[in-house]
Visitor: 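Okay, here's the structure, questions in a sec.
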Amino acid sequence: MSDKNNMVKKYQAALYIRLSKEDGDKAESNSISNQRDLIYAFLKDQEDIQVCEEKVDDGYSGVGFDRPGLLSMLEDVKQGKINCIIVKDLSRFGRNYIETGRYIQQLFPFLGVRFIAINDRYDSERMDSQADNIILPFKNLMNDSYSRDISIKVRSQIEVRQKRGDYIGSFPIYGYLRDQGCKGKLAIDPVAAEVVREIFDMRIKGYNNQRIADYLNEHGIPSPMEYKMLLHWKYSTSFKLNPQAQWSHVAVERILKNEIYTGTMVQGKEKTLNYKVKKRIKVDKENWIRVENTHEAIISKEDYALVQNLMLRDTRTPPSGKQLYLFSGLLRCGSCGSNMVRKKIRSAGSEYCYYICSANKNDKSVCSSHRIREDFLNGAVLKMLNAHLALVCAMDGLQDIIAKLPLQEQEVQRRCRQLEERRAELVRRQKLKISVYEDYKEALLTKKEYLEMKEDYETSCRQLEEAIDLLEKEISSFAQMNGLHSPWIERLKESGNIPELDRGIVAVTVEEINVTDSERIKIHFKYHDEFEIALQMLEAAMAAGNTGEKLSDRESLRMERFLLAAKEG
């Protein structure tokens with residue numbers, strides 16, 4: 001045998017191959033097979049190098065160094081299994097200027113590792129020391145800058161798509177599928193959407209998140225994670241602890257808080273700090289990207305808002321039950337505004353429940369008890385709710401009469417004039433507030449005088465803003481003088497008279513109940529403001545119009561009786 005054949009391989013080498021579209025890599029030139037072929041073609045003439053292993057990171061950015069293939073190779077370097085690393089070019093090893101330079105110029109020489117970047121003509125064993133030491137950092141810096149530029153372009157492109165209302169998530173949110181006819185849009189998944197509706201419905205009826213999760217598990221409904229698997233989506237997560245993922249209170253809450261079910265696309269809730277740090281951080285809610293009406297809604301905006309309100313108000317489920325109490329989170333003391341708490345009393349072999357002011361319960365000197373029996377409260381709320389519902393239905397029945405009243409010309413114009421006057425006055429007050437500060441800076445006013453005048457102007461500005469808001473609502477009500485059309489009201493209209501209260505009915509109709517004493521309560525209905533504005537519009541229209549010409553005596557009497565009943569109610 002020749003000396004050439006007897007030559008012992010000096011270097012035990014590892015080939016490192018990496019591809020990432022995130023770095024802007026071109027699949028044609030940087031494909032895994034292309035890199036492999038190029039390296040092996042180079043090795044044909046390298047008789048002192050023996051290939052021991054091949055490490056591949058497919059789909060990993062070169063900015064970070066926590067890649068599995070790279071980490072495995074570096075571990076083998078530490079253990080002395082390999083002493084040579086070969087890559088297609090420097091960017092394959094890494095695009096982080098500092099880290100790449102640290103490995104190639106400090107760590108590898110210290111460990112006695114030969115590093116070869118074929119296309120960059122870099123070989124640590126054969127380099128011209130001074131020239132290559134100058135050129136190498138520049139090449140690493142260029143790779144780093146290229147990665148940064150790609151990151152900026154990708155981020156801006158993603159932001160443009162988000163602001164356009166396109167869905168950019170890897171997988172559609174539970175309840176939706178990708179719209180096959182329109183890229184970047186969502187279409188309702190009938191099966192999962194029905195589960196979403198049931199979750200919202202149960203929450204409105206008073207079930208807490210854990211009970212909803214238990215119900216879904218008991219009925220064999222696949223959790224969002226399992227549902228993805230059933231659809232054969234290539235989905236994986238590190239959070240799956242059991243063979244089959246179950247519904248949890250967290251999964252239920254995630255659905256209940258997701259505004260995307262109302263047809264509004266909400267994205268940009270998280271972001272990375274920069275192209276080098278991949279850790280995701282939360283974005284303030286006011287900076288989220290929201291685009292309305294981008295896809296079909298599963299849940300109405302009214303029901304979504306109702307559930308968010310209930311989750312803030314609801315206290316807890318009773319120890320032995322699965323639902324909230326009927327009035328949980330809705331009762332307030334009429335004197336101090338504190339919550340009313342439920343108490344159970346056993347007397348003479350019987351049991352009854354009542355509500356008491358929580359402030360009085362904790363400290364009797366703070367407030368009186370304002371206690372009220374639960375059975376009386378149930379009856380009173382049911383009676384008042386049915387009476388109010390009857391008025392709402394009666395208003396709808398008066399649409400033919402309302403259409404004859406001079407609503408538009410006189411009342412709308414009058415309120416528009418008032419609106420312009422209020423807005424002009426608000427601007428004037430705001431300017432005066434600024435001038436007061438200028439007078440103070442010029443020492444024309446003392447600090448005490450300035451603070452007093454500033455507070456007066458701020459108070460008047462707030463009052464004007466409230467008046468403007470009310471006038472805008474009134475004008476809007478005139479323009480849509482067709483009764484109340486809240487989805488909640490429509491549901492109750494269909495059922496007619498309510499025979500019995502349940503948590504769902506109370507939740508969708510009652511905003512708050514104030515308890516004054518054992519037999520006096522005041523109910524604030526959710527649609528109270530709209531109803532009151534509608535009544536004011538009718539009264540104003542009746543007073544402004546010549547009802548003798550517009551309405552018959554019978555119609556006028558009918559309208560007057562309705563307005564009288566509404567005031568008494």
Side-chain angles (χ1 to χ4, degrees), residues 201-211 256 302-303 305-347 350-389 391-392 486 488-489 491-492 498-532 569:
D201 187 54
M202 290 184 71
R203 196 64 174 85
I204 290 173
K205 289 179 178 177
Y207 293 94
N208 65 19
N209 294 352
Q210 186 57 55
R211 175 54 196 144
L256 292 172
E302 290 80 8
D303 279 352
L306 171 62
V307 168
Q308 306 318 300
N309 183 271
L310 290 175
M311 287 195 292
L312 291 174
R313 285 173 174 249
D314 288 347
T315 52
R316 63 183 181 87
T317 303
S320 59
K322 298 177 180 179
Q323 283 182 274
L324 292 167
Y325 292 122
L326 194 61
F327 303 108
S328 181
L330 300 173
L331 285 179
R332 297 283 185 274
C333 172
S335 294
C336 68
S338 300
N339 288 331
M340 304 286 285
V341 294
R342 190 174 185 268
K343 300 287 288 182
K344 188 179 290 185
I345 294 293
R346 291 180 177 85
S347 177
S350 60
E351 181 180 278
Y352 70 92
C353 297
Y354 67 94
Y355 289 88
I356 186 174
C357 173
S358 59
N360 173 265
K361 179 176 177 289
N362 297 326
D363 185 352
K364 308 228 179 277
S365 65
V366 174
C367 185
S368 57
S369 65
H370 291 88
R371 68 177 59 202
I372 186 170
R373 284 185 56 137
E374 188 175 51
D375 53 359
F376 172 82
L377 184 63
N378 288 358
V381 172
L382 179 61
K383 183 178 179 180
M384 293 175 71
L385 181 56
N386 274 320
H388 206 77
L389 182 59
L391 286 174
V392 173
S486 163
W488 312 323
I489 300 301
R491 289 181 210 161
L492 296 179
I498 301 170
E500 183 180 3
L501 289 180
D502 61 40
R503 175 66 185 185
I505 290 174
V506 173
V508 300
T509 56
V510 176
E511 181 69 31
E512 186 175 286
I513 302 173
N514 291 333
V515 178
T516 305
D517 56 42
S518 62
E519 293 186 350
R520 283 202 303 169
I521 63 172
K522 183 177 181 180
I523 300 179
H524 298 271
F525 292 103
K526 288 186 178 296
Y527 46 89
H528 174 77
D529 289 344
E530 291 82 357
F531 187 78
E532 286 298 316

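Residue numbers start at 1 and run along the sequence shown.
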Visitor: So, the side chain of N514 versus the backbone of K522: is there a donor-acceptor pair under 3.5 Å, distance only?
Guide: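 Pair absent, no side-chain N/O of N514 close to backbone of K522.
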Visitor: Is the backbone N or O of L256 less than 3.5 Å from a side-chain atom of Q308, with the two atoms forming a donor-acceptor pair by type?
Guide: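 Between the backbone of L256 and the side chain of Q308 there is a qualifying donor-acceptor contact (under 3.5 Å).
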Visitor: Run through I513, N339, L377, V515 and flag the one making a side chain to side chain contact (heavy atoms under 4.5 Å, CB included) with Y355.
Guide: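 Of all the options given, the one that passes is L377.
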Visitor: Please lay out, stage by stage, how N209 and R203 fare under the test side chain to side chain contact (heavy atoms under 4.5 Å, CB included).
Guide: CA-CA 7 Å; N209 294 352; R203 196 64 174 85; 2.9 Å; yes
Visitor: Can you name the closest pair of heavy atoms from A507 and I204 and give their distance?
Guide: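 In this case the closest contact between A507 and I204 is CB-O, 3.6 Å.
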Visitor: Are there more than 12 heavy atoms of other residues, nucleotides or ligands under 6.0 Å from atom CD of E351?
Guide: yes
Visitor: Looking only at heavy atoms, which two atoms of V506 and L501 are closest? And how far apart?
Guide: CG2-CD2, 4.2 Å
Visitor: Are K205 and D502 close enough that some pair of their side-chain heavy atoms sits under 4.5 Å apart?
Guide: no
Visitor: Considering only heavy atoms from C-beta outward, does the side chain of S328 approach that of R503 to under 4.5 Å?
Guide: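 Yes, side chains in contact.
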Visitor: To the closest 0.5 Å, what do you measure between CE (M311) and CG (N208)?
Guide: 12.5 Å
Visitor: Do you know which two heavy atoms are closest between V510 and L330, and how far apart they sit?
Guide: O-CD2, 4.0 Å
Visitor: Shortest non-hydrogen contact from A380 to I521?
Guide: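 That closest heavy-atom pairing would be CB-CD1, 3.8 Å.
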Visitor: Between S335 and C357, is there a side-chain heavy-atom distance shorter than 4.5 Å?
Guide: no
Visitor: Which atom names give the shortest non-hydrogen contact between G337 and R332, and what distance separates them?
Guide: O-CD, 3.3 Å
Visitor: Quick check: do V307 and D303 have side-chain heavy atoms less than 4.5 Å from each other?
Guide: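 They are not in contact (no side-chain heavy atoms under 4.5 Å apart), so the answer is no.
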Visitor: For the residue pair L331 and R342, establish whether any side-chain heavy-atom pair is separated by less than 4.5 Å.
Guide: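 Side chain of L331 against side chain of R342, heavy atoms only: no contact under 4.5 Å found.
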Visitor: If you round to the nearest 0.5 Å, how far is NZ of K383 from CG of N378?
Guide: 15.0 Å
Visitor: So, applying side chain to side chain contact (heavy atoms under 4.5 Å, CB included) with Y354, which one of K343, M340, E374 is it?
Guide: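 Of all the options given, the one that passes is K343.
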